[in-house]
2 protein chains.
Amino acid sequence: MGHGGKRPRRKRSEFVSQPNELSAVLADLRTAKGLSLREVEEATGKAVSNAYLSQLENGRIQKPSPNVLHSLAGVYAVPYETLMEKAGYLLPSEERGGRRRRLAAFAIDDLSAEEEEELLKYLAFLRSRSPS
Amino acid sequence: MGHGGKRPRRKRSEFVSQPNELSAVLADLRTAKGLSLREVEEATGKAVSNAYLSQLENGRIQKPSPNVLHSLAGVYAVPYETLMEKAGYLLPSEERGGRRRRLAAFAIDDLSAEEEEELLKYLAFLRSRSPS
DNA sequence: GCATAATGCTTGATCTATCAAGCAATTTGG
DNA sequence: CCAAATTGCTTGATAGATCAAGCATTATGC
């Protein structure tokens, strides 16, 4: 031991995160619902740890298991197949003959009436910025 | 899900061959086509080893990856989804669309991907000002 | 201000999926 | 009959998924 002062140095690991589409979707869904990592962990019934969620959202996991995706689909109230598709396990739904809702549509299902009204105004604003 | 951590120590499981529906289906498909394990390995372009196929058909693998199932679906000319279903990754009768949609949901179906992302961030903002 | 909780994150450890190599039986062909 | 090939199978090694703990920083309460 020796050298008095410093404790085990903590090296700053250079995370080579490769953000993919899935990680972005999962992060967006969680923040859109206003949930913390631990709240999601809890919502899955401890099936998915907050540690893992963090790695997932930061693109450090290449292939989360279908079980994990199933748990998260439940928490975020989005279709399991959609997450499977984002993870590259299934062909895009168009090529499988299926209609689909925008992911954002699922994020608003439990808004209050007041919030929904605000949201509609915001949508009008969004549209005013792009040609129809 | 994983197992990690140092929790109650788990004993090494003795290879209890537990043939499930998937293993039976895979074995039947292969013998029905008169193929050997190595021929199937070859047919997948070396994507799945004969060693693994053996374990798979004898129920020694709990959750083969979707990638493996995809390769085998190609070789045996059966639908990928069918094998996924046998493996327990998909529900047999997936019913979709039962939920009631918010009004606003109809207004976002034709947003661009960028706009949708903005929208999700806006939702996070909305939530941050009201309790759940 | 300070203790405490909450948040996102990193890391060490463990289990599982998966393959390369090898093995004992069986088949084939000369 | 025997060597070579084939077949199904087992096992050691490796990589990746996943979690329990713990850390740094920020928010919250007194």
Side-chain angles (χ1 to χ4, degrees), chain A residues 6-20 22-23 26-28 30-31 33-72 87-89, chain B residues 1-20 22-23 26-27 30-31 33-72 87-89 124 127-129 131-132:
Chain A
K6 302 305 211 162
R7 64 305 55 141
R9 256 270 47 87
R10 210 145 97 60
K11 71 174 177 203
R12 204 138 249 317
S13 74
E14 45 206 288
F15 51 59
V16 191
S17 76
Q18 153 79 11
N20 49 41
L22 178 65
S23 57
L26 290 179
D28 285 345
R30 184 174 62 82
T31 53
K33 294 239 173 193
L35 296 171
S36 75
L37 295 175
R38 281 173 178 81
E39 284 173 329
V40 172
E41 167 178 351
E42 201 58 42
T44 66
K46 301 277 194 184
V48 184
S49 71
N50 71 80
Y52 192 60
L53 285 168
S54 175
Q55 299 175 73
L56 210 42
E57 294 185 3
N58 287 300
R60 246 158 258 174
I61 302 294
Q62 322 195 270
K63 286 278 173 181
S65 80
N67 279 341
V68 165
L69 296 181
H70 191 262
S71 291
L72 295 181
Y89 286 138
Chain B
M1 311 128 87
H3 290 175
K6 30 164 123 179
R7 281 286 297 271
R9 206 117 169 74
R10 203 128 18 114
K11 67 172 180 185
R12 255 219 172 278
S13 64
E14 330 209 333
F15 53 104
V16 176
S17 182
Q18 143 76 340
N20 49 42
L22 177 66
S23 57
L26 291 180
R30 183 174 64 81
T31 52
K33 296 231 172 193
L35 297 171
S36 74
L37 295 175
R38 270 164 247 264
E39 283 173 331
V40 173
E41 165 177 352
E42 201 58 43
T44 65
K46 301 277 193 186
V48 184
S49 72
N50 70 80
Y52 193 60
L53 285 167
S54 175
Q55 299 176 74
L56 209 42
E57 295 185 3
N58 286 301
R60 243 157 265 172
I61 302 295
Q62 320 193 261
K63 285 280 173 183
S65 80
N67 280 341
V68 164
L69 296 181
H70 191 261
S71 290
L72 296 181
Y89 286 139
R127 308 234 176 224
S128 69
R129 39 175 41 188
S132 57

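Atoms considered below: every heavy atom in the structure, side chains included; atoms not considered: hydrogens, waters and symmetry mates. Just so you know, these numbers come straight off a predicted model, no measurement behind them. Proteins get letters first, then strands, A, B, ... in listed order; numbering begins at 1 in each.
When all heavy atoms are compared, the tightest approach of A:Glu41 to A:Leu53 is N-CD1, 3.9 Å. Here the shortest heavy-atom pairing between B:Ser23 and B:Glu57 reads CB-O, 3.6 Å. Contact detail for B:Leu35 and B:Arg30: the closest heavy-atom pair is O-NH1, 2.8 Å.
Rounding to whole angstrom units, CG of residue A:Leu35 and C1' of C:dA6 are separated by 14 Å. Between the P atom of C:dA20 and the NZ atom of B:Lys46 lies a distance of 8 Å, rounded to the nearest Å. Per the geometry, CZ belonging to B:Arg38 stands 13 Å off P belonging to D:dA5, to the nearest Å. Computed from coordinates, the B:Leu56 CG to D:dC9 C1' distance equals 14 Å when rounded to whole Å. The interatomic distance linking B:Leu26 (CG) with D:dC9 (P) rounds to 13 Å, in whole Å. Per the geometry, CD belonging to A:Gln62 stands 10 Å off C1' belonging to D:dA17, to the nearest Å. Remark: P of C:dT7 and CD of A:Glu57 are 13 Å apart, rounded to the nearest angstrom.
A close approach under 4.0 Å does occur between a side-chain nitrogen or oxygen of A:Arg30 and OP1 or OP2 of C:dG8. Taking side-chain N and O atoms only, A:Ser36 has a distance below 4.0 Å to OP1 or OP2 of C:dT7. When the side-chain nitrogen and oxygen atoms of A:Asn50 are compared with OP1 and OP2 of D:dC19, none of them lie within a distance under 4.0 Å.
Mapped onto DNA chain C by nearest heavy atom, B:Lys63 and B:Glu41 fall at different nucleotides, with B:Lys63 at the one closer to the 5' end. For the pair A:Leu37 and B:Pro66, nearest-nucleotide mapping onto DNA chain C gives the more 5' position to A:Leu37.
Taking every side-chain heavy atom of B:Ile61 into account, C:dA17 is the closest of C:dC9, C:dA17, D:dG8. Checking D:dT10, D:dA17, D:dT7 against the side-chain heavy atoms of B:Arg60 singles out D:dT10 as nearest. In the set C:dC9, D:dT10, C:dA17, the nucleotide with an atom closest to the side chain of B:Ser54 is D:dT10. Comparing C:dC19, C:dT10, C:dC9 by their closest approach to the side chain of B:Ala51 singles out C:dC19.
Contact annotation for A:Ser49: base contact, defined as any heavy-atom pair under 4.0 Å involving a base atom. B:Ala27 comes within contact range of no nucleotide atom at all, as no heavy-atom separation falls under 4.0 Å. Heavy atoms of A:Gln55 sit under 4.0 angstrom from at least one base atom.
Here NZ of A:Lys63 is found 9.0 Å from CG of A:Asn20. Values are rounded to the nearest 0.5 Å.
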* To do: Evaluate the criterion side chain to side chain contact (heavy atoms under 4.5 Å, CB included) for residue pair A:Val68 and A:Ile61; output intermediate values, then yes/no.
  => CA-CA 12 Å; A:Val68 165; A:Ile61 302 294; over 6 Å; no

